[in-house]
Trainee: 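Quick one: the structure is below, questions incoming.
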Amino acid sequence: MNIVDYLKNNFFVGNSTFLQKIFSLISIFYITNLSNLSTYGNYVIISSIAALLLGCSSFGIGYNYMQKFSSAELNKKSKLFFSQFFTHFSIIILFVVFFLSFKSHINFFANNDSFSLLFVFYFILLFLSTQLTNYFRYSENFKIYSILLPIPIFLNFIFLSYFYFTEHKIDLYDIMSVMILSLLIQVIMSFFLLIRKIKFKFSFLTKKELLFDIKNGLPFRLNFLLTTIVNSSDRYIIMFFLGSKYVGFYSILFTISSFVLMIPSIMTTILQPTLSRLKIENNLTEIKNTVQLSESLFFSLWVPFCVGGIFYINRIIDFFSNETVFVNNQIVFALLAFSVFFNGLMIIKGNIYFAFTETQKMLKPIFIASFLNLILNIILIGFYKSILYAALSSLLSYFVGLIIFQYELSRNHAICFKLKHYHFIILSSILMILMSILLDSLFLLNTNVLTLVKIVISGVTYFLCLITFLKLFKWKN
């Protein structure tokens, strides 16, 4: 793969994802300050349920479309997209009918008709948003994809900013209403852009196409389900044993520590269609080089994030909430940060199985990790009643999953784990922390603005040191 094209595409999607993360963090600040940690915790649970149901609903439908769309002829693209779209949408409708029919028997937040309808609208719009934006992702039109992706988060930020500056208190209904309106605007924009690219075609998958998608795509969906269990089960267990306030606080720590996870997510956006094309071209050497390049880039950004995060996390938490939860923030952040690193490597490596249509091989390490995570969370959180053990459970689970993942890849495809210039990265991070300590000694006052300035200066120090080391040793890539 042309490294310039790869980095350029990463730049487009990276900027979009970065903006999405920034607006998301500011929105969390607004929600926790306009309501409380418990309200935010309830929203986290509801949105994660919607995402989980959406991920499970496809049963693998769309796998053939995702595999072949970028290299398909123009006259076949309409059939590829709309056949899987309407097939999946019919399942979404069945989910909605089932939910509305049995909602009185489901122990749901604010269990009444108006809130149930809000959840249904949110769920349907989440499906439409995912489908329509993914069209541009799998057609490798990353510029449009990068524009559409952050629109809901940006609009949430705008609406919540209005509430914040007018000092209007909000509740769970207000938050859900804002999310629905933001998604609706994005869906309308995406639809008009899409119908200019391909002809509308009302069609469904044939029985043969459906069975092919389920056979190859269901393991990929099961992988999503198991990964979601690893990522989200701790919140449900925290909710059960400790309550929504602790869910809100843990979610803030998790969101901050997961900020750097946008890097492998960005890479996956590009790696899935790119590695699939390289596999069709039988260019195995380029697949190996692209994956190892991705892992090295991720490591170079994760190390300063982890080290700097441990140093600044207490000041960052104070910015988001005045409510206190008795836990060592630095230890919890460190555990979550290493979990994120192991998770990120698994995300990058998972694209290899996607390209080789061997998604069923991903199930073993993900299943073991999710089962281990669930059991550890129930035992440790139930016994110790602390979110620290939720972070520890995630760390152990992802580490075990990664070890199994890498072993299988080395055995089946001879793709080893290799980081380039890791010693320069670690040395630059040490110099960054020395700069942070120096800034703290020179400027004793720790306002939110000054803390932000210190973080920016420390980050710039890291990248300047790293670039200097690489240039000195003439790393031309």
Side-chain angles (χ1 to χ4, degrees), residues 10 13-14 17-18 20-22 24-25 28 44 48 51 223-224 226-235 238 247 249-269 271 291 294-314 316-317 320 327-351 362 365-366 369-370 372-374 376-377 387-406 417 419 422 425-426 429 432 455 459 462:
N10 269 286
V13 181
T17 307
F18 178 75
Q20 197 176 19
K21 291 286 187 181
I22 291 295
S24 178
L25 286 172
I28 293 171
V44 168
S48 67
N223 168 55
F224 164 83
L226 295 172
T227 302
T228 303
I229 290 173
V230 179
N231 287 336
S232 303
S233 64
D234 46 11
R235 292 165 183 75
I238 291 170
V247 173
F249 189 82
Y250 181 78
S251 296
I252 292 173
L253 276 169
F254 186 87
T255 301
I256 296 169
S257 64
S258 300
F259 193 84
V260 75
L261 201 59
M262 70 177 180
I263 305 302
S265 298
I266 293 164
M267 293 172 177
T268 293
T269 301
L271 285 173
V291 171
S294 300
E295 291 175 340
S296 296
L297 286 173
F298 176 47
F299 182 72
S300 69
L301 294 169
W302 173 81
V303 171
F305 176 83
C306 176
V307 174
I310 293 171
F311 189 83
Y312 285 110
I313 190 61
N314 286 325
I316 295 171
I317 287 294
F320 281 99
V327 68
N328 190 315
N329 296 331
Q330 290 178 311
I331 295 177
V332 174
F333 176 84
L335 293 172
L336 288 173
F338 275 92
S339 303
V340 164
F341 178 61
F342 300 144
N343 184 16
L345 292 177
M346 290 174 67
I347 290 171
I348 294 171
K349 294 174 188 297
N351 293 294
M362 298 167 63
I366 300 297
S370 61
L372 180 62
N373 181 264
L374 188 62
L376 287 175
N377 271 316
I387 60 174
L388 186 148
Y389 294 95
L392 179 61
S393 299
S394 295
L395 172 66
L396 295 174
S397 303
Y398 277 120
F399 179 72
V400 171
L402 177 64
I403 294 297
I404 299 171
F405 221 118
Q406 184 57 57
F417 176 58
L419 296 175
Y422 61 89
I425 294 168
I426 294 172
S429 297
M432 179 193 74
I455 291 172
Y462 166 78

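When a residue number appears, it is its place in the shown sequence, counting from 1. As a basis for the values below, the full set of heavy atoms in this structure was taken, side chains included, without hydrogen atoms, waters or symmetry mates.
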Trainee: Work out which heavy atom in S394 is nearest to a heavy atom in Y250; give both atom names and the distance.
Mentor: OG-OH, 4.0 Å

Trainee: With a 4.5 Å heavy-atom cut-off, do V291 and N351 have their side chains touching?
Mentor: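 Heavy-atom side-chain distance check fails, nothing below 4.5 Å.
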
Trainee: Report the C-alpha distance between L253 and I313 in whole Å, list the side-chain angles of each, state the deciding distance to 0.1 Å, and finish with yes or no for side chain to side chain contact (heavy atoms under 4.5 Å, CB included).
Mentor: CA-CA 9 Å; L253 276 169; I313 190 61; 4.0 Å; yes

Trainee: To the closest 0.5 Å, what do you measure between CD1 (I316) and CD1 (I256)?
Mentor: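 The distance works out to 5.5 Å.
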
Trainee: Any idea which heavy atoms bring V340 and L261 closest together, and the distance?
Mentor: O-CD1, 3.6 Å

Trainee: With S48, which residues qualify under side-chain hydrogen bond (donor to acceptor under 3.5 Å, both in side chains), at least two apart?
Mentor: Y236

Trainee: Roughly how far apart are F399 CZ and M346 CE, rounded to 0.5 Å?
Mentor: 12.0 Å

Trainee: Given the rule in the side chain to side chain contact (heavy atoms under 4.5 Å, CB included) test, do L395 and F342 qualify, once you have shown the distances and angles that lead to the verdict?
Mentor: CA-CA 8 Å; L395 172 66; F342 300 144; 3.5 Å; yes

Trainee: So, for F298 and L345, which heavy atoms are closest and what is the spacing to 0.1 Å?
Mentor: CE2-N, 3.9 Å

Trainee: Rounded to the nearest 0.5 Å, how far apart are CD1 of I317 and CZ of F333?
Mentor: 9.5 Å

Trainee: Please round to the nearest 0.5 Å and tell me the distance separating atom CD1 of I387 and atom CG of L392.
Mentor: 13.0 Å

Trainee: Looking only at heavy atoms, what is the nearest atom pair of S339 and A391, with distance?
Mentor: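 Looking at all heavy atoms of both residues, the closest pair is OG-O, 3.9 Å.
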
Trainee: Do the side chains of L297 and I263 get nearer than 4.5 Å, heavy atoms only?
Mentor: no

Trainee: Once side-chain contact (heavy atoms from CB on, under 4.5 Å) is applied, do any residues pair with F259, and if so which ones, sequence neighbours excluded?
Mentor: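 By the side-chain contact (heavy atoms from CB on, under 4.5 Å) rule, F259 matches F18, K21, I22, L25, M262, F305.
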
Trainee: Residues in side-chain contact (heavy atoms from CB on, under 4.5 Å) with P365, at least two apart?
Mentor: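 Result, side-chain contact (heavy atoms from CB on, under 4.5 Å) vs P365: I404, F405.
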
Trainee: Are any non-hydrogen side-chain atoms of F249 and N329 less than 4.5 angstrom apart?
Mentor: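 Yes, their side chains come closer than 4.5 Å.
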
Trainee: Short question: side chain of S257, backbone of A337 - any donor-acceptor pair under 3.5 Å?
Mentor: no

Trainee: Is the Y398 to F338 ring centre distance short of 6.0 Å?
Mentor: no

Trainee: I need the minimum non-hydrogen distance between R235 and V247, along with the two atoms involved.
Mentor: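 Result for this residue pair: O-CG2, 3.5 Å.
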
Trainee: State whether the side chain of N377 and the backbone N or O of L374 hold a donor-acceptor pair below 3.5 Å, judged by distance alone.
Mentor: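 No, N377 side chain to L374 backbone: no donor-acceptor pair under 3.5 Å.
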
Trainee: I need the minimum non-hydrogen distance between I310 and Q330, along with the two atoms involved.
Mentor: O-NE2, 2.9 Å

